[in-house]
Amino acid sequence: VTVGAQTPKGSIQTMGFYPSQITIDQGDSITWTANSAEPHTVTFLSTASPCPDTALCALPQTGFDLGSPAQSTPQGGTSYDGTSYFNSGVMTTAQPGPTLPFPPSVPLIHSYTLAFPATLAPGSYTYYCLVHGQAMVGTVVVQAAGTAYPATQAQIDAANATQIRADIHSGDALRAQARQQDRKLSTGRHPVILAGLMNDRAMLMRFVGPANPVNVGDRLTFRVASMGEPHTVTFGNPGTGCGAPPCNPEQSWNTTPTAHGNLQARYPAHNGQFTGSARARNSGIMLGLPASLTHLPQSLSIHFTKAGT
């Protein structure tokens with residue numbers, strides 16, 4: 001099973017398991033392979049009651065928690081039992097570093113193999129990506145050992161390629177949508193730049209804003225419109241992704257883990273002036289969720305008081 005997809009430069013990232021449903025026999029194994037820099041997980045939620053403290057029995061209401069080992073690291077072993085919590089950990093084609101600046105405590109997984117033993121009852125088993133929730137769901141249909149498969153791997157691969165092309169195309173349409181939305185939001189001396197956009201199949205991973213330069217005295221607002229995709233606005237070293245020094249390259253989004261494991265962002269430049277000061281470079285993590293669901297902001301406004309690039 002292919003996990004995610006992207007355009008060559010990564011501007012479009014898809015949210016899909018390819019195929020979204022796969023049929024196997026008892027005793028078979030499945031290997032999920034990362035196919036994009038965008039992080040994903042392969043997660044079978046626990047059906048135990050009461051829910052174990054070390055497991056998830058439902059999707060987290062406040063989104064993916066990178067600071068929770070239950071969500072960000074492999075869980076459950078290599079043989080699925082149909083009821084316990086199994087998690088791949090973070091799957092991506094990216095390497096640790098500025099492309100994906102996760103803490104070193106979070107291993108980056110390129111492939112994940114899970115056995116479905118002969119003792120597992122035939123039936124349908126649902127799994128999710130914890131990063132993208134209900135937008136990225138897959139199903140494993142387990143049939144009795146010896147039953148003929150409905151498709152060969154070659155047929156599955158061909159169908160995957162067709163679906164990936166369709167999802168990438170839906171992502172390309174987001175560019176025009178973002179430009180149109182940005183034109184409606186930008187006014188005079190208050191231009192707006194959108195940080196990404198998403199639909200139910202794909203994400204645009206680019207800043208989209210006015211074609212004209214920002215003038216000295218303008219108040220520029222960066223706005224996150226994607227509810228499920230975190231972004232930052234960072235004026236700093238493009239090689240490290242760091243904002244205000246001192247900078248910890250292992251946590252280059254200026255985040256610190258709290259006692260309960262969540263990541264809390266600092267906002268050194270939030271709604272402030274940008275004068276080239278090293279203290280006005282990083283928004284912290286922004287997310288397009290309402291304040292009732294997250295402490296993270298949706299926008300960052302900066303007043304530019306000096307010319308430059």
Side-chain angles (χ1 to χ4, degrees), residues 1-45 59 74-94 108-173 198-203 228:
V1 176
T2 299
V3 181
Q6 65 181 22
T7 51
K9 293 185 178 180
S11 61
I12 303 297
Q13 302 281 335
T14 72
M15 296 175 289
F17 296 111
Y18 306 99
S20 59
Q21 177 175 302
I22 188 168
T23 300
I24 62 171
D25 285 1
Q26 291 170 307
D28 288 347
S29 296
I30 297 176
T31 295
W32 286 266
T33 303
N35 191 41
S36 66
E38 173 70 12
H40 300 288
T41 74
V42 172
T43 306
F44 292 82
L45 299 173
L59 291 172
Q75 304 287 324
T78 59
S79 182
Y80 185 58
D81 62 11
T83 59
S84 299
Y85 179 62
F86 285 77
N87 184 37
S88 63
V90 176
M91 298 190 67
T92 176
T93 58
L108 302 182
I109 309 299
H110 301 293
S111 66
Y112 173 61
T113 299
L114 192 61
F116 294 79
T119 54
L120 181 66
S124 296
Y125 299 93
T126 301
Y127 63 95
Y128 301 87
C129 169
L130 292 178
V131 181
H132 301 105
Q134 292 286 355
M136 191 166 172
V137 184
T139 304
V140 176
V141 177
V142 179
Q143 55 189 14
T147 304
Y149 300 111
T152 65
Q153 186 64 55
Q155 291 170 326
I156 292 172
D157 291 343
N160 288 350
T162 298
Q163 185 61 58
I164 287 173
R165 284 195 296 270
D167 289 349
I168 293 289
H169 181 70
S170 77
D172 285 332
M198 67 187 298
N199 56 29
D200 61 346
R201 297 300 302 174
M203 297 167 288

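Excluded from the calculations below are hydrogen atoms, water molecules and symmetry mates; all remaining heavy atoms, backbone and side chain alike, are included.
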- Message: Donor-acceptor check, side chain of Ser84 to backbone of Tyr80, threshold 3.5 angstrom: yes or no?
- Response: no
- Give a yes or no on this: more than 12 heavy atoms of other residues, nucleotides or ligands lie within 6.0 Å of atom NE2 of His110. yes
- Please say which of Tyr127, Tyr85, Phe86 ends up in a ring pair (Phe, Tyr, Trp, His ring centres under 6.0 Å) with Phe44. Tyr127
- Among all residues two or more places apart in sequence or in another chain, which pass the salt bridge (Lys or Arg N to Asp or Glu O under 4.0 Å) test with Asp28? none
Please output the side-chain donor-acceptor pairs of residues 11-25 that fall under 3.5 Å, not counting sequence neighbours, one pair per line with the distance.
from	atom 1	to	atom 2	distance (Å)
Ser11	OG	Thr7	OG1	3.3
Ser11	OG	Arg175	NH2	2.5
Gln13	OE1	Glu38	N	3.3
Gln13	NE2	Gln6	OE1	2.9
Gln13	NE2	Gly10	O	3.2
Thr14	OG1	Ala5	N	2.9
Thr14	OG1	Ala5	O	3.4
Thr14	OG1	Tyr18	OH	2.9
Tyr18	OH	Asp167	OD2	2.6
Asp25	OD1	Gln143	NE2	2.9
Asp25	OD2	Gly146	N	3.3
Asp25	OD2	Thr147	N	3.3

- In chain order, what residues pass the side chain to side chain donor-acceptor pair (under 3.5 Å) check against Asp157, with sequence neighbours excluded? Gln153
- Task: Give, for atom CZ of Arg201 and atom CD1 of Ile168, the distance between the pair rounded to the nearest 0.5 Å.
- Result: 11.0 Å
- Message: Would you compute the distance between atom CG of Leu114 and atom OG of Ser88 and round it to the nearest 0.5 angstrom?
- Response: 10.0 Å
- Roughly how far, to the nearest 0.5 Å, is the CG atom of Asn35 from the NE2 atom of His40? 9.0 Å
- Query: With sequence neighbours excluded, what pairs up with Thr33 under the side chain to side chain donor-acceptor pair (under 3.5 Å) test?
  - Reply: none
- Task: Specify the closest pair of heavy atoms between Val90 and Pro39, including all atoms of both residues, with the distance to one decimal.
- Result: CG1-CB, 3.7 Å
For residues 115-126, which side-chain N or O atoms pair as donor and acceptor with protein atoms under 3.5 Å away, sequence neighbours left out?
from	atom 1	to	atom 2	distance (Å)
Tyr125	OH	Ala121	O	2.5

- Query: Out of curiosity, Thr43 OG1 to Leu130 CG, how far, rounded to the nearest 0.5 Å?
  - Reply: 3.5 Å
- Item | SG-CG distance between Cys129 and Asn87, expressed to the nearest 0.5 angstrom | 9.5 Å
- Query: For Asn199, what residues pass the side chain to side chain donor-acceptor pair (under 3.5 Å) criterion, not counting sequence neighbours?
  - Reply: none
- Message: Using every non-hydrogen atom in the two residues, find where Ser170 and Ala202 come nearest and quote the distance to one decimal.
- Response: OG-CB, 3.8 Å
